[in-house]
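Data first, discussion second: the structure below is written as structure tokens.
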Amino acid sequence: MGIQLFTPTFHIEECLKEIEKCLEKGWTGIGFKTFEFEEAWKAYTGLCNAHFLNSATAGLHLAVKIFKMLEGWQEGDEIISTPLTFVSTNHAIAYEKLKVVFADVDEYLCLDPKSVESHITSRTKAIMFVGLGGSTGQYEGMVKLCKKYHLKLILDAAHMAGTKLNGEIPGKEADAVVYSFQAVKNLPTADSGMICFKEKEADTLCRKLSWLGIDKDTYMRDQGNYKWHYEVEYLGYKYHGNSIMAAIGLVQLKYLEEDNTYRRLLAKWYDEELAKCIGIQKISIPQQCLSSQHLYMLLVPERDALLQVLNKREIYPGVHYRDNTEYSLYAYAKGSCPKAKYYSDHLISLPLHLRLTKEDIKGICEEVKRHMEALKGVEDHV
Ligand SMILES: *Cc1c(COP(=O)(O)O)cnc(C)c1O
């Protein structure tokens with residue numbers, strides 16, 4: 001089977017027991033375990049609100065939609081975002097017919113506050129910040145910018161489950177924080193996500209919009225037994241999470257800290273093995289940041305050649321990410337972010353998951369070193 005980039009690991013017996021409770025009770029949908037998971041997530045992160053959804057993509061879309069509704073944003077208004085991300089970050093903006101304005105990234109592969117500031121116009125409404133690979137990058141700089149220019153801050157924390165900044169879970173300053181519990185993320189379910197709004201009002205609206213705009217509470221309160229009777233005020237979506245996913249999430253959350261500690265150990269082994277390897281560059285993590293270590297990324301001169309070499313040895317790394325302005329959908333901004341483009345051409349994510357051993361890491365690094373030596377040999381001959 002070789003070594004995959006990601007292989008999720010589940011605490012199977014415990015997950016099955018939690019799922020069994022849902023099946024026995026006959027309650028697999030929203031409510032029951034979804035509420036329990038929301039409470040557990042708030043307790044873990046210290047964030048004020050948490051609403052469980054079927055994906056982070058849904059959460060990012062709802063964040064943009066809800067601020068657009070509450071703040072009266074117009075179509076064509078702008079949100080500044082990063083080109084170095086999974087496309088759902090930017091699709092979420094485009095779904096609401098807002099313009100994705102791409103700013104460039106810094107050495108942490110996250111949005112650079114200087115570049116962001118230079119892209120602010122009278123139509124800028126928000127900044128979408130991605131903590132790439134679990135790093136906080138210059139998140140604090142972004143918080144400052146948002147205060148200075150009265151912008152909303154949306155934190156795409158899809159990679160950040162368990163990341164700490166100055167010893168705490170970051171995100172309390174953001175207007176919305178969105179986590180992914182998709183299978184290959186640090187807290188795997190099968191597919192789900194969580195949105196944490198700073199304000200209660202946004203959370204309340206989100207609960208209606210994630211369930212087709214249905215407002216059950218008002219009628220439950222006013223009319224007692226008329227359970228079938230509810231109000232529909234908004235054209236909402238079917239975005240809420242279910243109890244089966246929440247049951248898995250509750251179990252996996254118990255192991256998140258331990259799992260992330262092992263991820264950091266794997267990263268340390270990579271660092272040690274590659275310390276003397278000339279020609280590669282490690283992506284640094286800010287000092288105050290304890291990364292969830294979702295990814296282990298390197299910059300290499302001949303990325304595609306290295307990918308091929310590793311694939312031949314049944315090692316399957318990844319690339320996070322292709323500069324989004326290279327995609328035809330976002331090509332209007334092509335070439336506008338030279339650093340992101342450079343990284344997009346030179347980044348490689350080495351396998352990082354809980355089933356890897358020190359021996360695996362050594363084996364992978366041997367191949368990387370051999371490739372780099374071969375490159376050097378070619379150079380020496382010309
Ligand atoms: C995975 C991911 C998402 C989307 O998460 P889903 O839960 O799969 O919708 C969004 N942003 C980033 C940076 C991601 O890696």
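Only heavy atoms go into these numbers, but all of them, side chains included; no hydrogens, no water, no symmetry mates. Every number for a ligand or one of its atoms is a count from 1 in the order of the listing. In this chain, numbering begins with 1 at the start of the sequence shown.
- Summary of contacts: the protein heavy atom closest to atom 4 (C) of ligand 1 is Ser88 OG, 3.3 Å.
- Looking at Asn186 and His294, their side chains do bring a donor and an acceptor atom within 3.5 Å of each other.
- Donor-acceptor pairing under 3.5 Å is recorded for the side chains of Glu78 and Thr121.
- No side-chain donor from either of His240 and Thr34 sits under 3.5 Å from a side-chain acceptor of the other.
- Near Tyr321, the atoms of ligand 1 lying under 4.0 angstrom from a non-hydrogen atom of the residue are 15 (O).
- Here the heavy atom of the protein found nearest to atom 12 (C) of ligand 1 is Ala158 CB, 3.4 Å.
- Ion pairing between a basic and an acidic side chain is recognised when a charged N comes within 4.0 Å of a carboxylate O; Glu24 and Lys21 show no such pairing.
- Given atom 9 (O) of ligand 1, the protein heavy atom at minimum distance is Thr57 OG1, 2.5 Å.
- Heavy-atom proximity to Thr89, at under 4.0 Å, picks out these atoms of ligand 1: 11 (N).
- The shortest N/O to N/O separation between Ala56 and ligand 1 falls below 3.5 Å.
- Stacking of Lys125 on the aromatic ring of Phe67 is not recorded, the 6.0 Å distance cut-off and the 45° axial limit not both being met.
- Nearest non-hydrogen protein atom to atom 2 (C) of ligand 1 is Lys185 NZ, 2.6 Å.
- In terms of protein heavy-atom proximity, atom 15 (O) of ligand 1 is closest to His159 NE2, 2.7 Å.
- A donor-acceptor contact closer than 3.5 angstrom is absent between the side chains of His11 and Gln252.
- Near Thr85, meaning under 4.0 Å from any of its heavy atoms, are these atoms of ligand 1: 13 (C).
- If you check which protein heavy atom lies closest to atom 11 (N) of ligand 1, you get Asp156 OD2, 2.8 Å.
- Side-chain N/O atoms of Tyr296 and Asp271 include a donor and acceptor closer than 3.5 Å.
- Gln288 and Tyr139 form no side-chain donor-acceptor contact under 3.5 Å, judged by distance and modelled atom types alone.
- Within ligand 1, counting atoms from 1 as listed, the ones closer than 4.0 Å to a heavy atom of Gln182 are 7 (O), 8 (O).
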